[in-house]
There are 2 protein chains.
Amino acid sequence: MTEAKILLEERGIRPTQQRMAVLRYLRDNRNHPTVDTIYSSLHDRMPSLSRTTLYNTLRLLSSAGLALSLTIEGDEIRFDGDTSDHGHCKCRRCGGVFDFPLPETLPLDLPDGFLGESVHIYAWGTCRRCASLS
Amino acid sequence: MTEAKILLEERGIRPTQQRMAVLRYLRDNRNHPTVDTIYSSLHDRMPSLSRTTLYNTLRLLSSAGLALSLTIEGDEIRFDGDTSDHGHCKCRRCGGVFDFPLPETLPLDLPDGFLGESVHIYAWGTCRRCASLS
DNA sequence: ATTTTTTTTGTAACGGTTACAAATTTAGAA
DNA sequence: TTCTAAATTTGTAACCGTTACAAAAAAAAT
């Protein structure tokens with residue numbers, strides 16, 4: 001029994017071939033893929049996979065807490081199979097997205113009475129690789 | 001001479017009627033409007049304003065540092081005329097977006113060699129008003 | 001005023017996402 | 001296993017926010 005199958009069943013989601021393939025992909029590829037990246041990659045092994053199913057599955061996984069959807073910029077959504085607390089930074093030159101750790105306790109001064117549940121932190125700048133090429 | 005005009009000229013941007021109207025709207029309305037909200041609001045005073053101009057202007061203002069484009073969620077972009085450092089939180093129930101202050105120094109442990117320039121912090125949860133209605 | 005450049009406008013195109021109905025797959029019962 | 005009902009997947013078409021583009025308008029320069 002694969003890890004993906006267990007994770008889905010734990011949440012009462014039927015472990016179909018498509019869902020397991022997408023979840024396995026996200027957990028194996030920590031490169032913050034776009035929908036199209038995932039689609040292209042899975043299409044080899046699963047030629048019948050439709051974009052509709054992929055969109056539905058990504059929405060399902062996100063709302064089940066098995067993936068994060070990152071909206072660093074308005075023009076593309078990236079997905080992350082690592083749902084542990086961490087920040088994301090994007091290089092303005094190469095467009096690459098990288099993880100970075102967050103402090104144990106991030107003291108956010110939310111508005112009075114606001115009940116916080118989750119946080120996304122996005123940073124922009126220049127990655128080491130691109131900085132060294134300047 | 002209006003504030004909006006000065007701000008535009010300082011950055012070498014021609015202060016046309018449309019640009020001044022959009023900038024003035026953003027600085028007077030701190031409700032994190034969407035494109036459509038801005039369009040509807042300005043349409044009364046300026047019936048000829050086209051969506052194309054609005055999109056172009058918002059992009060121009062954002063890249064000039066006169067406005068922030070907030071991509072809290074993938075399905076809508078919101079704009080903010082307050083470009084000072086602050087975080088944003090969104091209520092999952094009513095969809096409202098609120099500001100909150102950030103600590104003077106936010107210690108982010110960016111990847112080795114990554115040159116950080118800017119940060120966006122988005123929090124989700126339940127606003128006071130919605131929490132009180134439960 | 002006239003010319004040149006810049007900006008705005010409206011339409012059409014574009015592209016990512018979703019709606020929908022038919023086909024397929026899955027789970028469970030017989 | 002076979003059958004049946006329910007859930008899922010698929011492909012097409014529609015949808016909608018955004019952008020491209022050329023003509024019209026406005027602004028600046030001559």
Side-chain angles (χ1 to χ4, degrees), chain A residues 1-2 4-25 32-64 66-67 69-79 95, chain B residues 1-2 4-5 7-9 11-25 32-64 66-67 69-79 95:
Chain A
M1 183 114 94
T2 74
K5 188 171 185 180
I6 296 172
L7 287 168
L8 290 168
E9 288 179 339
E10 280 176 351
R11 286 161 181 77
I13 299 171
R14 288 201 185 173
T16 64
Q17 295 301 317
Q18 289 84 348
R19 290 169 179 171
M20 287 192 288
V22 173
L23 180 53
R24 209 178 297 126
Y25 179 87
H32 312 94
T34 63
V35 173
D36 274 345
T37 304
I38 302 171
Y39 183 78
S40 304
S41 301
L42 292 182
H43 202 261
D44 295 336
R45 295 170 162 270
M46 188 176 273
S48 77
L49 180 70
S50 71
R51 282 197 153 79
T52 298
T53 296
L54 182 52
Y55 279 109
N56 288 340
T57 302
L58 289 170
R59 183 144 31 99
L60 184 68
L61 296 179
S62 296
S63 61
L66 289 170
S69 89
L70 310 176
T71 56
I72 307 178
E73 252 135 16
D75 59 352
E76 69 174 13
I77 301 178
R78 288 166 172 263
F79 292 88
Chain B
M1 183 115 94
T2 74
K5 187 171 185 179
L7 288 168
L8 290 168
E9 287 179 340
R11 286 161 180 78
I13 299 171
R14 291 202 183 169
T16 63
Q17 294 301 318
Q18 291 82 349
R19 290 168 179 171
M20 286 191 290
V22 174
L23 181 53
R24 209 177 299 127
Y25 179 88
H32 312 95
T34 63
V35 174
D36 274 345
T37 303
I38 302 170
Y39 182 77
S40 304
S41 301
L42 293 182
H43 202 260
D44 295 337
R45 294 170 163 272
M46 189 175 272
S48 76
L49 179 71
S50 70
R51 282 199 152 77
T52 299
T53 297
L54 182 53
Y55 279 108
N56 288 341
T57 302
L58 288 170
R59 183 145 28 101
L60 184 68
L61 295 180
S62 296
S63 63
L66 288 171
S69 89
L70 310 176
T71 56
I72 307 178
E73 251 133 18
D75 58 354
E76 68 173 12
I77 301 178
R78 287 164 173 263
F79 292 88

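All values reported here derive from a predicted model rather than from experimental measurement. Any value given below was found using the heavy atoms of this structure, including those in side chains, with hydrogens, waters and symmetry copies removed. Order of the sequence lines fixes the chain letters, A, B, ..., with proteins taken first and strands second; residue numbering starts at 1 for each chain.
Checking D/dT19, D/dT9, C/dG16 against every side-chain atom of B/R59, the shortest atom distance belongs to D/dT19. When distances are taken from the side chain of A/T52 to each of C/dT8, D/dT8, D/dG11, the shortest belongs to D/dG11. When distances run from any side-chain atom of A/T16 to the nucleotides C/dG16, D/dT9, D/dA20, the shortest one goes to D/dT9.
Contact record, B/M46 with B/A21: CE-CB, 4.0 Å, taken as the closest heavy-atom pair. For A/F79 against A/S69, the heavy-atom pair with the smallest separation is CE2-CB, 3.6 Å.
If you take CG of B/D75 and P of C/dT18, they are 9 Å apart, rounded to a whole angstrom. Protein atom CD of A/Q18 is 14 Å distant from nucleotide atom P of C/dT24, rounded to whole Å. Residue A/M20 contributes atom CE, which lies 13 Å from atom C1' of D/dT8 at whole-angstrom precision. Rounded to a whole Å, the CZ atom of A/R19 is 10 Å from the P atom of C/dA27. A straight line from CG of A/L61 to P of D/dT8 spans 13 Å, rounded to a whole angstrom. With rounding to whole Å, B/L54 atom CG is found 15 Å from C/dG10 atom C1'. The interatomic distance linking B/Y39 (OH) with D/dC16 (C1') rounds to 15 Å, in whole Å. Rounding to whole angstrom units, CG of residue A/L60 and P of D/dA7 are separated by 14 Å.
The nearest heavy atom of DNA chain C to B/R14 and to B/P47 marks one nucleotide each, and the one closer to the 5' end goes with B/R14. Between B/Q17 and B/N56, the residue anchored closer to the 5' end of DNA chain D is B/N56, taking for each the nucleotide with the nearest heavy atom.
Screening B/L42, B/N56, B/T16, B/L66 against B/V22 for a side chain to side chain contact (heavy atoms under 4.5 Å, CB included) leaves a single residue, B/L42.
Contact annotation: B/Y55 side-chain N/O to D/dT18 OP1/OP2 distance is under 4.0 Å. OP1 or OP2 of D/dT9 has not a single side-chain nitrogen or oxygen of A/R51 nearer than 4.0 Å. A close approach under 4.0 Å does occur between a side-chain nitrogen or oxygen of A/S50 and OP1 or OP2 of D/dT10.
Side-chain contact check for B/I38 versus B/L58: some heavy-atom pair is nearer than 4.5 Å.
Once rounded to the nearest 0.5 Å, the distance linking NE2 of B/H43 with CG of B/L54 reads 11.0 Å.
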